[in-house]
Novice: 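Attaching a single structure in structure tokens format; questions to follow.
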Amino acid sequence: MEYNHKEIEQRWQQYWKDNETYKTEVEPGRKKFYVLDMFPYPSGAGLHVGHPLGYIASDIYSRYKRQQGFNVLHPMGYDAYGLPAEQYAIQTGQHPEITTNANIARYREQLDKIGFSFDWSREVRTCDPEYYRWTQWAFMQMFNHWYDRAEGKARPIAELVEHFSKYGTEGVNAATGKDMEFTADEWNAMDERRQREVLMNYRIAYQGETMVNWCPQLGTVLANDEVSEGVSVRGGFPVEQKLMTQWCLRVSAYAQRLLDGLDDVQWSESLKETQRNWIGRSEGAEMRFGVADSDIELEIFTTRADTIFGVTFMVLAPESAYVPMLTAPEQKEAVEAYLNEVKHKTERERQIDRKVSGVFTGSYAINPLTGKKIPIWISDYVLAGYGTGAIMAVPAHDSRDYAFARHFNLPVIPLIEGADVSEESFDAKEGRMINSCGPDLDLNGLEVKEAIARTKRHIEEKGLGKVKVNYRLRDAIFSRQRYWGEPFPVYYKDGVAYLMDESVLPLRLPEVDSYLPTSTGEPPLGRAKGWVTPEGYPIELCTMPGFAGSSAYYLRYMDPRNDKALVGKEADEYWRNVDLYVGGAEHATGHLIYSRFWNKFLYDLGYVVEAEPFAKLVNQGMIQGRSNFVYRIKDTNTFVTYGKRKEYDTTPIRVDINLVNNDILDTEAFRRWRPEYADAEFVLDADGKYRCGYAVEKMSKSMFNVVNPDDIVERYGADTLRLYEMFLGPIEQSKPWDTNGIDGVHRFLRKLWNLFERAEKNDTEMSREEKKSVHKLIKKVTADIENFSFNTSVAAFMIAVNELSALKSVSRESVELLTRVLAPFAPHIAEEFWHRLGHEGTVVDAQWPEWNEDYLKEDIKKYPVSFNGKTRYTIEAPADAPREEVERIALADANAAKWLDGKTPRKVIVVPGKIVNIVL
RNA sequence: GCAGAAAUGGUGGAAUGGUAGACACGAAGGACUUAAAAUCCUUUGGCCUUUACCGGCUGUGUGGGUUCGAGUCCCACUUUCUGUACCA
């Protein structure tokens with residue numbers, strides 16, 4: 001019989017479906033393993049061959065773990081809220097839900113063809129009310145909690161209210177937007193509206209007026225991770241800074257815990273580093289500078305307290321609250337002109353145009369250590385959002401301050417011995433201090449590190465400021481002025497936000513007649529009829545951002561149909577957290593931060609048992625497209641083969657890769673492709689073939705380089721696709737898709753099929769050679785799966801099948817073992833073999849075999865080598881042989897080979913399990 | 001600028017500090033065929049030697065170092081990719 005992948009794959013996919021082979025339940029007493037893929041956003045373009053790469057890897061791992069006896073949770077779902085569906089709805093008027101459902105159906109069809117072991121009974125969709133009620137529920141919990149720094153966890157807001165009514169702010173150490181101080185009497189005297197305003201400053205989900213990334217084209221605000229290089233990640237539209245009142249999540253309260261938690265997870269070093277940078281912890285000091293002829297004190301943050309004697313001016317961010325206070329009357333006009341200029345620059349312009357600019361306020365600060373007067377300037381190189389929005393400038397030892405000082409001709413005082421600051425600043429934190437002696441403090445002669453510590457101590461003792469840790473991580477902006485997202489269970493009374501009762505959950509997304517903002521500029525929900533509470537109070541018009549729904553989906557998979565809780569106690573205590581998470585590294589500063597935050601918050605409240613959601617994480621690389629080019633001679637319809645293109649004046653043109661095979665163009669198909677190429681002429685290579693050029697680019701329709709997995713499955717089968725994607729290279733590496741090599745993998749499966757047919761009925765015992773080949777394979781594949789090195793395991797299968805095929809006789813037992821280890825990689829063909837071997841049930845539960853080291857022992861190999869003019873005799877030692885024994889054998893062997901020639905060896909090097917060298 | 005990763009044949013890529021280039025693609029030659037496809041066999045880093053067998057030299061971005069032994073470890077440099085950036 002021939003290997004018929006279509007028939008086999010259809011049959012077993014149906015069998016798995018009929019028998020609910022992949023359905024998983026909580027089984028107390030059985031060890032669990034949770035394997036998760038980052039769920040996809042179902043785009044209209046469907047899946048291309050790059051998407052399943054990570055799913056295949058995680059599927060192999062899941063099946064392997066299941067064969068080892070683990071109860072494996074391996075779910076899949078859809079991140080269904082997102083901008084593209086809404087943009088499409090705006091253009092077509094079609095409800096995004098319709099588009100989204102159609103896309104999901106298409107994704108499901110494509111995924112099913114690849115033979116994944118997903119438990120689809122646990123599917124979640126972020127846009128499903130039964131799912132998003134728990135997203136809304138989590139928001140309500142965040143609204144009703146505050147972060148207690150003293151206890152290092154979230155606590156109910158009711159406890160804070162009680163504390164305020166008894167003691168005021170005394171003894172409260174909370175993560176807040178701005179520090180507040182009031183007594184119990186003052187609190188009790190406040191009206192409800194005022195009290196709620198105060199509490200807003202403490203809530204973990206709060207409304208705050210902040211500088212936000214506003215994208216006019218998308219009509220919405222964006223989180224920091226949704227903006228890159230001044231444009232929106234989705235769509236690439238310009239983004240500007242705008243002061244707006246928005247819902248925010250107090251992620252910054254968890255900065256230190258998010259940082260510390262990274263030590264407890266097995267993630268790649270680069271990903272952890274990206275998160276550490278994003279959190280951006282910096283230790284320094286917050287210091288107050290007095291202002292001349294004024295009571296105002298200017299607070300600044302610095303990591304270089306040691307450079308205080310070199311401060312020659314101060315700089316405020318243009319948005320700083322100090323600006324109006326410190327602008328002297330005679331400078332008013334100049335300052336306003338400057339502020340105006342800065343305001344009209346978008347973030348992108350600010351980044352591109354890095355000209356030094358600024359204006360003098362007319363005020364002077366007093367250096368607290370020297371008593372000297374120093375001018376206060378305003379410049380946009382100081383950011384309002386970091387630290388206090390004001391800095392002390394040390395031009396000699398900070399390149400930005402240096403550029404500013406040179407431009408405005410301000411003094412530069414070098415503070416480090418030997419530092420030449422005539423051309424540029426000396427930024428390194430090393431060297432000995434000079435010029436650093438004041439009335440109370442002498443730093444001269446100290447190393448920079450000592451000087452920093454010394455100065456910090458000094459300013460704390462003298463009450464000039466305090467030691468402070470700053471984080472770059474900002475609170476997440478949580479509202480979007482869009483339609484296609486989770487509505488907030490929030491209404492407004494007297495302009496103050498109140499939570500709706502939990503009984504309204506899920507608060508369903510209402511219908512609207514159009515997905516555009518209203519004529520008054522309100523978000524699309526402003527068009528929804530009856531979008532008010534029963535009492536007639538208006539409901540929040542913004543919706544939640546994309547990351548809301550994806551922040552806790554891994555928890556919901558554990559208990560997806562529970563209508564009492566996000567996840568029930570029993571399910572959570574059994575499944576705990578994700579043992580293996582597979583997905584792209586592009587989520588490092590978005591999803592992977594937000595869901596860790598979300599999880600830690602729920603952990604504080606006692607709803608989840610693990611502090612870190614993803615114990616181990618593997619980043620799969622991106623699969624890029626491989627575009628092909630033809631070369632047209634300018635102003636003609638003649639195309640030149642790649643090798644001869646330089647002999648003419650040609651323009652490269654992308655050609656559909658379906659017309660190309662191994663870079664050879666099907667010229668007839670090319671003529672039929674587009675009417676304008678119908679009478680195309682070709683300049684060919686000597687062998688009469690037209691060779692195309694190629695380039696590695698993003699896989700996209702417009703580049704004609706998209707490869708659809710359905711086509712591959714149709715032609716070669718799912719097992720071939722799975723093996724080939726793994727064979728392409730290391731899973732973490734980005735690489736171009738190249739269909740050219742797929743024949744090799746398909747050939748392997750056919751050889752395997754033939755081998756099986758030959759061995760199926762052979763009841764003889766395994767020969768020594770068979771044992772060696774098969775056990776070598778088991779050992780290799782087991783180690784490779786643990787290391788996520790799937791490309792080398794595919795190679796190992798090929799070697800084993802080649803070795804076995806070359807033998808005169810192959811026993812049934814050999815192919816039985818082969819089937820067990822092949823099952824995670826090529827489940828369809830393995831299932832076929834499994835049943836033909838007479839097994840009941842499914843190969844998914846076939847026990848993972850152990851290998852026997854005894855079968856792998858090699859004969860001692862010997863080979864003489866010469867090196868560096870000295871001759872050496874080398875033999876390979878068996879792995880388990882004792883050192884003396886190996887040395888004795890080696891010497892005897894060398895002697896027998898007449899190699900020693902009666903001489904005494906100068907040196908004998910024995911490395912157990914390695915190689916023995918005898919040096920003369 | 002900073003951080004991380006990487007650099008091996010025509011290509012994708014293998015190699016716990018121990019025979020570099022596994023496995024596969026491509027290419028070349030051959031078998032089968034009227035022919036093509038498919039399949040099978042042989043060769044395939046470079047240079048040299050030999051009728052052939054056998055052999056030799058060289059070779060993992062560059063320059064040093066550690067080691068009996070380095071693609072692998074250390075130092076410096078070059079290039080590429082990824083992330084991030086007036087973060088004080």
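The chains referred to below are lettered A, B, ... by the order of the sequence lines, with proteins before strands, and numbering in each begins at 1.
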Novice: Under 4.0 Å, heavy atoms only, any strand: does Arg474(A) hit a base, just the sugar-phosphate, or nothing?
Specialist: base
Novice: Under 3.5 Å for both donor-acceptor distances, Watson-Crick or wobble: does U79(B) have a partner, and if so which one?
Specialist: A6(B)
Novice: Hey, are the side chains of Asn705(A) and Asn628(A) touching, using non-hydrogen atoms and a 4.5 Å cut-off?
Specialist: no
Novice: In whole Å, I'd like the distance from the CD1 atom of Ile308(A) to the P atom of A88(B).
Specialist: 17 Å
Novice: Rounded to the nearest Å, what distance is computed from the CZ atom of residue Arg276(A) to the P atom of nucleotide G83(B)?
Specialist: 19 Å
Novice: So if I take every side-chain heavy atom of Arg750(A) and compare against U39(B), A88(B), A22(B), which nucleotide ends up nearest?
Specialist: U39(B)
Novice: Which one, A88(B), A22(B), A24(B), comes nearest to the side chain of Phe727(A)?
Specialist: A24(B)
Novice: State whether Asp784(A) and Lys780(A) are salt-bridged, where the test is any N-O pair (Lys NZ or Arg NE/NH1/NH2 against Asp/Glu carboxylate O) under 4.0 Å.
Specialist: yes
Novice: Heavy atoms under 4.0 Å, any strand shown: does Asp738(A) hit a base, just sugar-phosphate, or nothing?
Specialist: nothing
Novice: What's the closest nucleotide to the Asn791(A) side chain, out of A14(B), C25(B), A88(B)?
Specialist: A14(B)
Novice: Select base, sugar-phosphate, or nothing to describe what Ser282(A) touches, counting heavy atoms under 4.0 Å on all strands.
Specialist: sugar-phosphate
Novice: Strictly below 4.0 Å, N to O, side chains only: are Arg276(A) and Glu269(A) in salt-bridge contact?
Specialist: yes
Novice: Which one, C87(B), A14(B), A24(B), comes nearest to the side chain of Met798(A)?
Specialist: A24(B)
Novice: Under 4.0 Å between any heavy atoms, over every strand shown, what does Pro736(A) touch: base, sugar-phosphate, or nothing? Just pick one.
Specialist: nothing
Novice: Taking the six-membered ring where the residue is Trp, are the ring centres of Phe313(A) and Phe404(A) under 6.0 Å apart?
Specialist: yes
Novice: Both distances under 3.5 Å, Watson-Crick or G-U wobble: report the partner of A24(B), or none.
Specialist: U11(B)
Novice: For a quick check under 3.5 Å, do Ser425(A) and His397(A) share a side-chain donor-acceptor pair by atom type?
Specialist: no
Novice: Between Asp427(A) and Tyr402(A), do the side chains contain an N or O donor and an N or O acceptor separated by less than 3.5 Å?
Specialist: no
Novice: Which one, U84(B), C23(B), A15(B), comes nearest to the side chain of Trp278(A)?
Specialist: U84(B)
Novice: Syn or anti: how is G61(B) classified when any glycosidic angle within 90° of 0 counts as syn?
Specialist: anti
Novice: Using the side-chain heavy atoms of Leu383(A), tell me which of these nucleotides is nearest: C23(B), C87(B), G13(B).
Specialist: C87(B)
Novice: Between P on U84(B) and CG on Asn277(A), what's the gap in Å once rounded to a whole number?
Specialist: 10 Å
Novice: Rounded to whole Å, how long is the line connecting atom CZ of Arg400(A) with atom P of A85(B)?
Specialist: 14 Å
Novice: Roughly how many Å is it from CD in Glu803(A) to P in A22(B), rounded to a whole number?
Specialist: 15 Å
Novice: Does Asn470(A) make a side-chain N or O approach to OP1 or OP2 of C87(B) shorter than 4.0 Å?
Specialist: no
Novice: Rounded to whole Å, please give me the gap between NZ in Lys780(A) and C1' in A22(B).
Specialist: 9 Å
Novice: Can you tell me how far C1' in U72(B) sits from the matching atom in U66(B), rounded to whole Å?
Specialist: 13 Å
Novice: Over all strands shown, is Gln733(A) touching base, sugar-phosphate only, or nothing at heavy-atom distances under 4.0 angstrom?
Specialist: sugar-phosphate
Novice: Could you tell me whether the side chains of Tyr471(A) and Ser252(A) share a donor-acceptor contact shorter than 3.5 Å?
Specialist: no
Novice: So if I take every side-chain heavy atom of Asn740(A) and compare against C25(B), A14(B), C23(B), which nucleotide ends up nearest?
Specialist: C25(B)
Novice: Looking for any heavy atom pair under 4.0 Å, which part of the strands does Lys751(A) touch: base, sugar-phosphate only, or nothing?
Specialist: sugar-phosphate
Novice: May I ask you to say what Glu269(A) touches in the nucleic acid, namely base, sugar-phosphate or nothing, with a heavy-atom cut-off under 4.0 Å?
Specialist: nothing
Novice: The side chain of Arg747(A) is closest to which nucleotide in this list: C86(B), U84(B), G26(B)?
Specialist: G26(B)
Novice: For Asn802(A) and A24(B), is the shortest distance between a side-chain N/O and OP1 or OP2 below 4.0 Å?
Specialist: yes
Novice: Name the pairing partner of C40(B), where a pair is Watson-Crick or G-U wobble with both distances under 3.5 Å, or state none.
Specialist: G30(B)
Novice: Report the distance from atom NZ of Lys468(A) to atom P of C87(B), rounded to the nearest whole Å.
Specialist: 18 Å
Novice: If I take atom CZ in residue Phe790(A) and atom P in nucleotide G13(B), what distance separates them, rounded to the nearest angstrom?
Specialist: 17 Å
Novice: Tell me which nucleotide, if any, is Watson-Crick or G-U wobble paired with A88(B) when both distances must be under 3.5 Å.
Specialist: none
Novice: Verify the contact: side-chain N or O of Tyr381(A) to OP1 or OP2 of A88(B), cut-off strictly under 4.0 Å; return yes or no.
Specialist: no
Novice: Taking any heavy-atom pair under 4.0 Å as a contact, classify Leu728(A): base, sugar-phosphate, or nothing.
Specialist: sugar-phosphate
